[in-house]
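These notes concern the structure reproduced below.
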Amino acid sequence: MAEDASIIPTHTKAWYYSEHGSPGDVLKLDPNWPLPQQLNDDQVLIKVIAASINPVDYKRMHGEFKDTDPHLPIVPGYDVAGIVVKVGGEVKKFKVGDEVYGDINEQGLSNLKIHGTLSEYTIAEERLLAHKPSNLSFIEAASIPLALETANEGFEHAHFSAGKSILVLGGAGGVGNYVIQLAKQVYKASKIAATASTGKLELLRELGVDLPIDYTKENFEDLPEKYDLVYDVVGQGDRAFKAVKEDGKVVTIVPPGHPPAMFFVLTSKGSILENLRPYFESGKLKPILDAKTPVPFSQVIEAISYLETSRATGKVVVYPI
Ligand SMILES: NC(=O)C1=CN([C@@H]2O[C@H](COP(=O)(O)OP(=O)(O)OC[C@H]3O[C@@H](n4cnc5c(N)ncnc54)[C@H](OP(=O)(O)O)[C@@H]3O)[C@@H](O)[C@H]2O)C=CC1
Ligand SMILES: CC[C@H]1OC(C)=C(O)C1=O
């Protein structure tokens, strides 16, 4: 049986969509959305304090992954930072009152939860969550999980090692900025190059990029330097092979991927957040938030529509909920 130390509401405020389309057409706010009342033994119920949005939210809303999606209606949202209000009977890591964060969908595109994080409450397995670092706000913490865990997983797939060079295609976004930060602070790359538009080149330098490339003025593949790893987060896996060393690798996170580039969909793990906690606590890794962050709960449609422009710098976070 779950330990229940507080009265849990039967209904909650939540954004949902019951048909596919653009956020402005299909996303609705329900003040009385039914909240699942049963927790599995390994799950916790979280009072959502902040939730960040990701491109997968608008892609699924448009039906891009409808073949693998759960049946509609769906409450969107993967990333959460909040407070534990109920724990399942087998939960060991967390107790009521703990401040936690994580990506609530273990597989990025399969076995997805119907009830996401754009709600006052959400549910996740304890293995997907970590204790929120005390030096990060809930807004900052909510911005981290999916983007950081994706960025990190690409280095694992590439078997990246210290002293190798990397070119990041798309360095200024949610995932790209962490690819740069991880390359610099964790994986100790010998040289980091990254692409962005003119106004974002200084951010790339601040994050640790040695060679910022303005893609509005030059093509990365026309430059002489080649790299041990080209990490594509914008969907240029085909062009990437012109910039990789003969024995180098290309990793991409944008479908369909271009073999032999390695395409992957992230697996959410609280252990990644725990392992990287010291980097956040020391300031070596830092959440990059778009200027529009925080966006109030009432403006989720505007927030997702903005993210859909693919111009966000860092992460867009919804707060307060
Ligand atoms: N496979 C997986 O597991 C995952 C896949 N993804 C996918 O990865 C992609 C990136 O996700 P995310 O980082 O959250 O997206 P964002 O919306 O945060 O990316 C926005 C950024 O992309 C940059 N950008 C857009 N076009 C280009 C370009 N041609 N060259 C360089 N930079 C560009 C923009 O910079 P500027 O304004 O300078 O162009 C902007 O700062 C999405 O398609 C997403 O669906 C994300 C997470 C997991
Ligand atoms: C988290 C889902 C991720 O997987 C694919 C293929 C994307 O485009 C995503 O955003």
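Heads up: numbering here begins at 1 and tracks the sequence. We use all heavy atoms of the structure for the numbers below, so side chains are in, but hydrogens, waters and symmetry mates are not. In each ligand, atom 1 is the first atom listed, and ligand 1 is the first ligand listed.
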At a 4.0 Å threshold, what atoms of ligand 2 neighbour a non-hydrogen atom of Gly108?
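In order of numbering, the contacting atoms are 1 (C), 2 (C).
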Is there a polar contact between ligand 1 and [X], counting only N or O atoms under 3.5 Å apart?
{"X": "Lys315", "value": "no"}
{"X": "Ser197", "value": "yes"}
{"X": "Tyr215", "value": "yes"}
{"X": "Thr150", "value": "no"}

Centroid separation under 6.0 Å, is that true for the rings of His115 and Tyr121?
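Between Tyr121 and His115, the centre distance exceeds or equals 6.0 Å.
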Could you check whether Tyr231 and Phe160 have their ring centres less than 6.0 Å apart?
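Ring centres of Tyr231 and Phe160 not closer than 6.0 Å.
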Considering only heavy atoms, does Lys59 approach ligand 1 within less than 4.0 Å through its side chain, its backbone, both, or neither?
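For Lys59, the contact with ligand 1 is made by the side chain alone.
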Between [X] and [Y], a side-chain donor and acceptor under 3.5 Å:
{"X": "Asn54", "Y": "Lys315", "result": "yes"}
{"X": "Thr267", "Y": "Gln107", "result": "yes"}
{"X": "Thr216", "Y": "Ser197", "result": "no"}
{"X": "Asp79", "Y": "Tyr101", "result": "no"}
{"X": "His62", "Y": "Glu308", "result": "yes"}

Check this for me, if you would: do Glu126 and Lys93 make a salt bridge, where the nitrogen-to-carboxylate-oxygen distance has to be below 4.0 angstrom?
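No.
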Measure from the side-chain N and O atoms of Asn152 to the backbone N and O of Glu149, and report whether any donor-acceptor pair falls under 3.5 Å.
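The answer is no, because no donor-acceptor pair under 3.5 Å joins these two groups.
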Regarding [atom]: of the candidates [options], which has the closest heavy atom?
{"atom": "atom 10 (C) of ligand 1", "options": "Val265, Leu307, Val233", "value": "Val233"}
{"atom": "atom 1 (N) of ligand 1", "options": "Tyr78, Phe264, Tyr306", "value": "Phe264"}
{"atom": "atom 1 (C) of ligand 2", "options": "Leu266, Thr267, Val233", "value": "Leu266"}
{"atom": "atom 5 (C) of ligand 2", "options": "Asn105, Leu109, Val56", "value": "Leu109"}
{"atom": "atom 40 (C) of ligand 1", "options": "Gly173, Ala312, Ala172", "value": "Ala312"}

Looking only at protein heavy atoms, which one is nearest to [atom], and how far off is it?
{"atom": "atom 15 (O) of ligand 1", "value": "Pro55 CG, 3.5 Å"}
{"atom": "atom 13 (O) of ligand 1", "value": "Val175 N, 2.9 Å"}
{"atom": "atom 3 (O) of ligand 1", "value": "Leu266 N, 2.8 Å"}
{"atom": "atom 35 (O) of ligand 1", "value": "Lys200 NZ, 3.5 Å"}
{"atom": "atom 25 (C) of ligand 1", "value": "Arg311 NH2, 3.1 Å"}
{"atom": "atom 8 (O) of ligand 1", "value": "Ile253 CD1, 3.2 Å"}

Min heavy-atom dist [X] to ligand 1 below 4.0 Å:
{"X": "Ala147", "value": "no"}
{"X": "Ser310", "value": "yes"}
{"X": "Val234", "value": "yes"}
{"X": "Gln236", "value": "yes"}
{"X": "Leu146", "value": "yes"}

For [X], atoms of ligand 1 separated by under 4.0 Å from a heavy atom:
{"X": "Ala196", "result": "38 (O)"}
{"X": "Gly174", "result": "13 (O), 18 (O)"}
{"X": "Gly170", "result": "31 (C), 32 (N)"}

Is there a polar contact between ligand 2 and Lys59, counting only N or O atoms under 3.5 Å apart?
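For ligand 2, there is an N or O atom that lies under 3.5 Å from one belonging to Lys59.
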Is there a salt bridge (charged side-chain N to carboxylate O under 4.0 Å, His left out) between Lys95 and Asp98 once you walk through the steps?
CA-CA 6 Å; Lys95 65 184 182 304; Asp98 282 356; 2.9 Å; yes
Is Pro255 in contact with ligand 2, taking contact as a heavy-atom separation below 4.0 Å?
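It does, in that a heavy atom of Pro255 comes within the 4.0 Å cut-off of ligand 2.
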Do we get Lys132 above Phe138's six-membered ring, with its NZ or CZ under 6.0 Å from the centre and within 45° of the axis?
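Yes, a cation-pi geometry.
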Taking the six-membered ring of Tyr306 as reference, does the NZ or CZ atom of Lys292 fall below 6.0 Å from its centre and within a 45° cone about the axis?
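Flagged: Lys292 positioned over aromatic ring of Tyr306.
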If you apply the rule side chain to side chain contact (heavy atoms under 4.5 Å, CB included), what do you find for Asn177 with Thr313, and how did you get there?
CA-CA 9 Å; Asn177 92 81; Thr313 301; over 6 Å; no
Is there a salt bridge (charged side-chain N to carboxylate O under 4.0 Å, His left out) between Glu106 and Arg127? Walk through the geometry before answering.
CA-CA 9 Å; Glu106 186 161 33; Arg127 64 181 177 276; 2.9 Å; yes
Using 30° and 60° as the class limits, which term best fits the ring planes of Tyr178 and Phe280: parallel, tilted or perpendicular?
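Judged by the thresholds at 30° and 60°, the geometry between Tyr178 and Phe280 is perpendicular.
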State yes or no: do Leu167 and Leu211 share one hydrophobic cluster built from I, L, V, M, F, W and Y residues joined by side-chain heavy-atom distances below 4.5 Å, directly or via other members?
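Leu167 and Leu211: one cluster.
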